[in-house]
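Note: hydrogens, waters and symmetry copies are ignored here, and every other heavy atom, side chains too, is used. Atoms within a ligand are numbered from 1 in the order they appear, just like the ligands themselves. This one's a predicted model, so the numbers in the text were calculated from it and none came from an experiment.
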Amino acid sequence: MQIASPVLAEKRPTTPHDLEESEIVERIRSILAAHGSTTVLLAHHYQRREIVDLADFRGDSFELCMAASRQREAERIVFCGVRFMVESASILAREDQSVFHPNERAGCPMADMASCSLVEDAWADLEARGLASTTIPVTYMNSDADLKAFTGRNGGIVCTSSNATRVFDWAFERGERIIFYPDEHLGRNVANWAGIPRDLQFIYDPRLPLGGLSEEDFRRSRVLLWKGYCHVHTHFTADHIEHARSKWPGVYVMAHPECTEEVVAEADFSGSTSQMCRKVAEAPAGAIFAIATEVNMIHRLAYEHPDKQVHTLSRSLCPNMYRINLYNLYDLVRDIENAEPVVLSAQVQHDARLALDRMLAVP
Ligand code: SF4
């Protein structure tokens with residue numbers, strides 16, 4: 001499988017590492033306070049707790065996407081998350097707004113599994129069979145901007161883990177089949193929830209000629225699932241759940257839909273990061289949770305809800321989310337006037353916006 005991401009040299013933070021964290025936090029706070037509402041800081045749930053504590057908005061990728069699009073007074077948006085999130089905020093920002101990423105090396109390996117050129121090849125396979133006109137491309141938010149642009153140009157739409165079921169409904173109102181990329185597991189789980197028979201769901205493996213499918217498979221398919229995955233979420237197994245249930249009787253198990261279908265089937269609940277956060281917040285004191293998602297969010301939930309037990313189903317960390325830290329955030333905000341914002345070509349910006357706007361319009 002081709003890896004599409006450019007190899008970027010990691011910029012070394014210039015903030016002295018002997019500065020106490022509390023001192024850096026105070027400096028960041030005072031810089032942001034001086035900026036007032038002209039600079040807004042967004043943080044994804046998987047960020048370190050000290051970063052989330054500094055944020056004006058925390059949320060899942062959908063909520064942050066909405067927050068970014070609603071910042072009327074902000075001239076600068078600082079996005080603490082991985083590259084595809086920052087690009088999405090930039091696509092939705094006004095022309096006079098700039099979006100900044102504290103560490104451009106924070107990418108997403110799953111997004112890299114579906115390069116735009118590989119997806120164009122798959123689309124050509126569909127076109128050659130006369131099937132493209134009845135196929136709706138659906139890209140997960142976790143994809144590069146040029147792939148969102150391809151999707152927008154071809155009548156498709158973006159989804160997140162919080163709205164994927166409604167987006168599938170939207171797509172099936174407009175076409176006979178969906179090609180979904182880059183996450184096989186989210187696509188599989190949503191197709192299962194949508195009641196698509198298993199024998200009409202096919203995996204498209206970009207490493208194989210024709211994705212490893214026969215002519216008949218293409219024609220019969222209702223969902224083509226790109227063979228990509230998130231290593232943070234495929235880490236979890238049904239055995240982890242069995243172990244949690246014997247260790248904590250009465251435990252409520254939650255799994256992100258990027259987990260495998262076996263894990264999702266065994267869990268008590270599957271939903272986006274924000275939906276899982278709400279479940280914990282609304283539970284009565286004494287409730288016990290075991291959660292299959294990124295460890296930083298789970299540790300923060302445990303810290304914020306000391307009257308409940310919040311456990312990791314098994315420790316799994318996203319090293320890319322972890323690349324954002326106080327040092328590179330401080331480096332950015334203290335000299336933000338001279339920092340490089342995210343820049344996308346006008347064409348990518350326009351076409352990707354089509355796919356994002358379709359998602360934002362889904363009720
Ligand atoms: S948790 Fe998975 S999908 Fe999310 S940024 Fe990390 S590798 Fe990508």
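With sequence neighbours excluded, no residue forms a salt bridge (Lys or Arg N to Asp or Glu O under 4.0 Å) with R49.
For N328 (side chain) and N103 (main-chain N/O), no donor-acceptor pair under 3.5 Å exists by modelled atom type. Formation of a donor-acceptor pair under 3.5 Å by the N189 side chain with backbone atoms of P257 is found in this model.
Any protein N/O/S atom under 2.8 Å from atom 2 (Fe) of ligand 1 was counted, giving 1 altogether.
Aromatic ring pairs are classed by plane angle as parallel below 30°, tilted from 30° to 60° and perpendicular above 60°; the pair Y204 and W226 is parallel.
Ring centers of F168 and F180: under 6.0 Å apart, within the cut-off.
Hydrophobic clustering (ILVMFWY, side-chain heavy atoms < 4.5 Å, transitive): V251 and V263 are in one cluster.
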